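Down below is the structure, laid out as structure tokens.
Here is the naming used below: chain letters follow the sequence lines, and residue numbers restart at 1 for every chain. Since the structure is predicted, the reported quantities are computational estimates derived from the model, not experimental observations.
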Number of protein chains: 2
Amino acid sequence: MTRGATRRRILDAAQDLARSTGPGNLSLDAVAAQAGISKGGLLYHFPSKNRLMEALVEDHLNRFDVALSTQEKTGRPDAAICAYIAQFVAERQCGTPPPSGLLAALAEDPSMLDPVRRQERDFLGRIRANATDPQMATLAFMAIQGLRAMELLNTQVLNRSEEADLVDWLTTRLQACSASDSSAG
Amino acid sequence: MTRGATRRRILDAAQDLARSTGPGNLSLDAVAAQAGISKGGLLYHFPSKNRLMEALVEDHLNRFDVALSTQEKTGRPDAAICAYIAQFVAERQCGTPPPSGLLAALAEDPSMLDPVRRQERDFLGRIRANATDPQMATLAFMAIQGLRAMELLNTQVLNRSEEADLVDWLTTRLQACSASDSSAG
DNA sequence: TTGACTTTACCGACCGGACGGTATAGTTGC
DNA sequence: GCAACTATACCGTCCGGTCGGTAAAGTCAA
């Protein structure tokens with residue numbers, strides 16, 4: 001088994017278990033078993049549970065980054081917020097599971113999500129700088145964050161189609177902002 | 001100490017500890033110590049940790065209910081969404097801490113937030129039924145949920161004043177919807 | 001190329017402590 | 001004295017982390 005492949009298996013196993021057994025019940029033994037290795041092997045790759053949690057957070061950040069960076073770089077007005085929305089829609093269509101590993105990290109230590117906050121703050125900054133209507137874009141960002149958070153916390157109040165409707169409506173609203181601005185300017 | 005007072009102290013202690021030590025590190029010993037009673041006393045009031053977690057969730061639901069029911073019952077258009085926003089603003093002004101007990105419950109068992117989902121689903125239903133523009137109201141609800149979730153998860157990207165600006169802007173937007181509707185109808 | 005040595009990757013037994021929960025014996029207001 | 005309430009002592013389990021070991025895969029001088 002190559003280094004990267006085992007690491008990935010461990011990360012995925014931890015993520016799956018965090019979702020199914022609850023973020024607070026994540027044990028190293030269980031993760032090792034789910035990943036198909038021994039506890040010793042697990043601790044070879046991640047020398048402590050804290051390190052594993054950090055890796056879970058970092059992994060999420062990386063995925064977020066690569067998924068957005070391509071779409072965002074068109075440089076068009078509203079490219080950033082549109083990329084964020086598109087990414088959300090894509091995740092829904094693919095059935096991507098929520099990043100429950102983040103909850104496991106949070107359960108261990110509330111400060112472990114600080115990197116997430118930093119990254120999202122940066123990203124929101126780019127959204128606002130790039131937006132036709134910064135407040136509307138911020139609202140859109142928050143609403144998507146709300147939808148994501150609800151899935152993460154298992155408190156979704158909208159089903160898939162209601163969610164899709166809302167996102168559609170939001171998208172046309174944003175386009176309306178953009179259009180009225182470019183016609184006015 | 002009367003029954004209700006001790007119960008309350010325990011609930012508050014659990015909430016505080018969940019926030020400070022991380023939702024996954026909440027132990028009965030620590031809660032008892034923080035509440036100023038012994039573990040035996042704690043287990044007299046809540047026969048198991050699960051029951052304590054359920055009570056934490058229920059407590060949050062009750063607070064949510066009583067805070068909203070008065071404002072919501074004016075029956076005016078958009079009363080529900082406005083009540084929700086007003087409640088959020090009031091919490092911010094009072095410096096109300098986030099309901100970290102919910103995270104502790106979630107850490108123990110993902111299904112423990114099911115009652116929260118039900119309640120919020122009901123509430124969103126009332127918001128939409130009562131709204132001049134249901135989609136706009138839903139968007140507003142989601143954005144507020146996003147703000148709340150970010151504070152809960154310790155990933156706030158907006159500071160207090162940015163948050164206040166956004167909520168102000170959102171409120172005027174909603175009023176604009178309402179006004180254009182009543183002038184059109 | 002071959003034998004000595006190092007590195008990488010992984011295993012599984014074990015330990016100490018923390019934690020949830022029980023049992024039981026006080027204590028106090030009525 | 002009785003019922004509500006609280007405290008103390010204890011038990012068994014689970015869990016994070018350590019540790020000694022193993023096997024395969026390089027590395028490299030002679």
Side-chain angles (χ1 to χ4, degrees), chain A residues 1-57 59 100-112, chain B residues 1-57 100-101 103-112:
Chain A
M1 182 70 59
T2 71
R3 170 186 226 108
T6 302
R7 233 186 99 95
R8 181 105 298 278
R9 286 235 313 282
I10 294 171
L11 258 16
D12 289 344
Q15 185 93 339
D16 289 355
L17 283 174
R19 196 170 66 254
S20 57
T21 73
N25 302 325
L26 197 62
S27 72
L28 296 185
D29 295 87
V31 172
Q34 172 90 3
I37 62 172
S38 72
K39 191 169 163 181
L42 168 58
L43 283 163
Y44 170 78
H45 289 276
F46 301 97
S48 74
K49 193 179 185 182
N50 246 290
R51 290 291 189 82
L52 174 59
M53 295 301 144
E54 285 175 12
L56 242 25
V57 173
D59 188 47
S100 306
L102 294 184
L103 285 183
L106 175 68
E108 212 73 17
D109 177 358
S111 73
M112 212 167 281
Chain B
M1 185 70 59
T2 71
R3 168 185 223 111
T6 303
R7 231 186 102 96
R8 181 106 300 279
R9 287 236 310 284
I10 294 171
L11 257 17
D12 291 343
Q15 186 92 339
D16 290 353
L17 282 174
R19 195 170 69 253
S20 57
T21 73
N25 302 325
L26 197 62
S27 72
L28 297 185
D29 294 87
V31 172
Q34 172 90 4
I37 62 172
S38 72
K39 192 167 152 182
L42 169 57
L43 282 164
Y44 171 78
H45 290 276
F46 302 97
S48 74
K49 191 179 185 184
N50 246 289
R51 288 293 188 83
L52 174 58
M53 296 300 145
E54 286 174 11
L56 242 26
V57 172
S100 306
L103 285 182
L106 175 67
E108 212 73 16
D109 177 358
S111 74
M112 213 166 284

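Regarding R7(A), its CZ atom lies at a distance of 16 Å from the C1' atom of dC10(C), rounded to whole Å. Taking atom CZ on F46(A) and atom C1' on dA9(C), their separation rounds to 14 Å, with Å as the unit.
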Just the atom pairs and distances: protein N or O near nucleotides 23-25 of chain D's N or O, under 3.5 Å.
none

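The line from CG of D16(A) to CD of Q34(A) is 5.5 Å long, rounded to the nearest 0.5 Å. Distance CD/E108(B) to OG1/T21(A): 10.5 Å, rounded to 0.5 Å. For the atom pair CG (L42(B)) and CG (L28(B)), the distance works out to 5.5 Å, reported to the nearest 0.5 Å.
With sequence neighbours excluded, the residues satisfying side-chain hydrogen bond (donor to acceptor under 3.5 Å, both in side chains) with D29(A) are K39(A). Considering only residues two or more places apart in sequence or on other chains, D12(A) meets the side-chain hydrogen bond (donor to acceptor under 3.5 Å, both in side chains) condition with R8(A). Not a single salt bridge (charged side-chain N to carboxylate O under 4.0 Å, His left out) links D109(A) to another residue, sequence neighbours left out. In this structure, A33(B) has no side chain to side chain contact (heavy atoms under 4.5 Å, CB included) partners at least two apart in sequence or on a different chain.
You'll find the side chain of I37(A) reaches within 4.5 Å of the side chain of R9(A), heavy atoms only. In this structure, L56(A) and L102(A) have side chains that are not in contact, with every pair of non-hydrogen atoms separated by 4.5 Å or more.
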When the side chains of residues 46-55 of chain A are checked against the rest of the protein, which donor-acceptor pairs come out under 3.5 Å, sequence neighbours left out?
| residue | atom | partner | partner atom | Å |
| --- | --- | --- | --- | --- |
| S48(A) | OG | N50(A) | N | 3.4 |
| S48(A) | OG | R51(A) | N | 3.2 |
| K49(A) | NZ | L26(A) | O | 2.7 |

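Checking the phosphate oxygens (OP1, OP2) of dT6(D), a side-chain nitrogen or oxygen of H45(B) falls inside 4.0 Å. Checking the phosphate oxygens (OP1, OP2) of dC10(C), a side-chain nitrogen or oxygen of T6(A) falls inside 4.0 Å. For Y44(A), a side-chain nitrogen or oxygen approaches OP1 or OP2 of dA9(C) to under 4.0 Å.
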Generate the contact string for nucleotides 13-30 of chain C. Rules: B means base contact, S means sugar-phosphate contact only, - means no protein heavy atom under 4.0 Å. ------SBBB--------
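Contacts between residues 13-20 of chain B and DNA chain C, defined by a heavy-atom separation under 4.0 Å, are absent.
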